[in-house]
Colleague: 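Below are the structure tokens for one structure; questions will follow.
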Amino acid sequence: MEHESSADDAVEEQCSEARRVLRRAADLAADYLEGSERYRVSPAIEPGDVAARLAAEPPPQGEEWDAIFGDYQRLIEPNVTHWNHPGFLAYFATTGSLPGVAAETLSAALNVNAMLWSTAPAATELEERVCDWLRQMLELPPQFVGHVNDTASVSTLLALAAARHRSMPEARQRGLAGAPPMSVYCSDQAHSSVDKAMIALGLGLDALRRIETDDRYRLRPDRLAEAIDRDRAAGLLPIAVVATAGTTSTTSIDPLRAVAEVCRERGLWLHVDAAYAGCAAICPEVRELLDGLEEADSIVLNPHKWLFVPVDCSVLLTRGYDALRAAFRLVPEYLRTDRAEATDLMDLGVALGRRFRALKLWMVIRRFGVEGLRAEIRRHLELARELAGWFAAEPGFELAAPVPLSVVCLRAVPLDGSPPAEELDRFNVELIARVNRRGVVALSHTRLRCGVVVRVAIGNQRTGRRHVQAAFEQLRDEAAALRAEWRSR
Ligand code: PLP
């Protein structure tokens, strides 16, 4: 009896520890979400600074919570780059929203592994349902079904694996030795994840044809058709096109309907990388820009980019699961079940174990509602238009590309004279570095036809007009200071 009561006490103690610790973690998270602006967006540290302060060896015995949380507050939180900071305007800005953060906590507590329906029934069925919500939000036909991966890079890899399997099913068993060389097509603006998929699938980088874009950085369907026909005539086996809706550099949108027609006429798989713009396409006026999306064989969009879901959450939509199953389904004895009618998510890709990402997507959509999500996206679109207007009117700056969505590409240009292109590139690189050093906003760069340009990406739920205005004023003021310094050199 005595033994039982001490076991009960231990359970009691553990329960209260769980509550105490989780409340403390919740307080830390809430403080952070409400006050991330107390930090510089990027910490002023050098490589190795954090490592030098971390214990070199693991603790032999468990440590006290005070020590662990204390180190988190001292060493970790201040030394991350604050993607959740409203001044984070680099790459594609993202949001760890409140419903997303709450869902992450609960999914960690549940800790389900959704490899089979039977190992995670609710996680499997919620994943299918919430992907269907997205399908409806994107006005796609009911043939499209979805599942959730960690990243768009993986979603694109899986889509191209399905495309490869459709063109050459025997490669699954025999590999590629002796097979005719296969080729894949994308624009010269497509994301590097397409190149990585070529590497991983054994197709090789040389087999990726990067097709010329027009003056607005959109893939040219005429050049695409020519390249496919040329390759086929030369004995290659063209298998797929990756069109981009929202390119990384400028957010340009390839002409999807025309590209789909080229694919249909020639029997190629069309994968649309809508990692970023697919999120905004829940607004009917943006969906119009993605006309032809419904003609794709597969589509990736990343709710962790612009649908306020914390990293990581990438949705791959395909016309039924059969193509992915044909490429990947493989059931060892220890994973056999008698639930043939249910979806086993492990059949749809490389990963066996998978975490419960659908929970955060579901909670975010429920908490914001479709109209709430649209309102946030429209607010960002409006801020980007406003920022573009300020730069268009500012002497010493020019817009470097059209602004169809929430990214503004601009560059500082000389007020007089015409310096060599490399000097102008160096000026813009230094300009970004100076603004970033101030720590109020974070910006990134890209290279376009005109040279190096500044990218200002709006997409965080907490980013307001004053943050965008700060980016404008800091770029303007630092450019003036830099011009003066360069003149006196
Ligand atoms: N596709 C596009 C257009 C992107 O901009 C990115 C990343 O920014 C990716 C794919 C890769 O996304 P992920 O980091 O989810 O692999």
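For this chain, numbers begin at 1 and follow the sequence in order. Order of appearance sets the numbers: ligands from 1, and atoms from 1 within every ligand.
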Colleague: Under 4.0 Å, heavy atoms only, figure out whether ligand 1 is touched by the backbone of D312, its side chain, both or neither.
Modeller: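 No part of D312 is near ligand 1 at this cut-off.
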Colleague: Using heavy atoms and a threshold below 4.0 Å, how should the contact between F92 and ligand 1 be classified: side chain, backbone, both, or neither?
Modeller: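 Side chain only.
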Colleague: With the threshold set at under 4.0 angstrom, would you say N302 reaches ligand 1 through any of its heavy atoms?
Modeller: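 Yes, that is the case, since the closest heavy atom of the residue is under 4.0 Å from the ligand.
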Colleague: Does T251 reach the main-chain N or O of T247 with its side chain, forming a donor-acceptor pair under 3.5 Å?
Modeller: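 Not confirmed, T251 side chain does not pair with T247 backbone.
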Colleague: Quick one: do E139 and R287 make a salt bridge, cutoff under 4.0 Å?
Modeller: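 Not counted as a salt bridge, because no side-chain N and carboxylate O are separated by less than 4.0 Å.
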Colleague: Taking the side chain from N113 and the backbone from R354, do they hold a donor-acceptor pair closer than 3.5 Å?
Modeller: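 Side chain of N113 to backbone of R354: a pair is present.
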Colleague: Please work out whether any backbone atom (N, CA, C, O) or any side-chain heavy atom from C-beta onward of S193 is under 4.0 Å from ligand 1, and answer side chain, backbone, both or neither.
Modeller: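 For S193, only side-chain atoms sit under 4.0 Å from ligand 1.
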Colleague: Please write down residue, atom name and distance for the protein heavy atom closest to atom 7 (C) of ligand 1.
Modeller: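 Nearest neighbour among protein heavy atoms for atom 7 (C) of ligand 1, to 0.1 Å: K305 NZ, 3.1 Å.
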Colleague: Answer yes or no: is there a donor N or O on one side and an acceptor on the other, between the side chain of D344 and the main chain of M346, under 3.5 Å?
Modeller: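 Side chain of D344 to backbone of M346: no pair is present.
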Colleague: For ligand 1, does D273 get within less than 4.0 Å through its side chain, its backbone, both, or neither, judged by non-hydrogen atoms?
Modeller: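 The side chain, only.
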Colleague: Examine S153 against ligand 1 and note whether any of their N/O atoms are separated by less than 3.5 Å.
Modeller: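 By distance alone, the answer is yes.
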Colleague: Ignoring hydrogens and geometry, is there a side-chain-to-backbone donor-acceptor pair from H191 to S193 under 3.5 Å?
Modeller: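 Yes; judged by distance alone, with no hydrogens or angles, the pair exists.
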Colleague: Is the closest basic N to carboxylate O distance between R449 and D215 below 4.0 Å?
Modeller: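 Looking at D215 together with R449, the answer is no, because their closest N to O distance does not fall below 4.0 Å.
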Colleague: Using a 4.0 Å heavy-atom cut-off, which part of A275 comes near ligand 1: side chain, backbone, both, or neither?
Modeller: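 Within the 4.0 Å criterion, A275 contacts ligand 1 through side-chain atoms alone.
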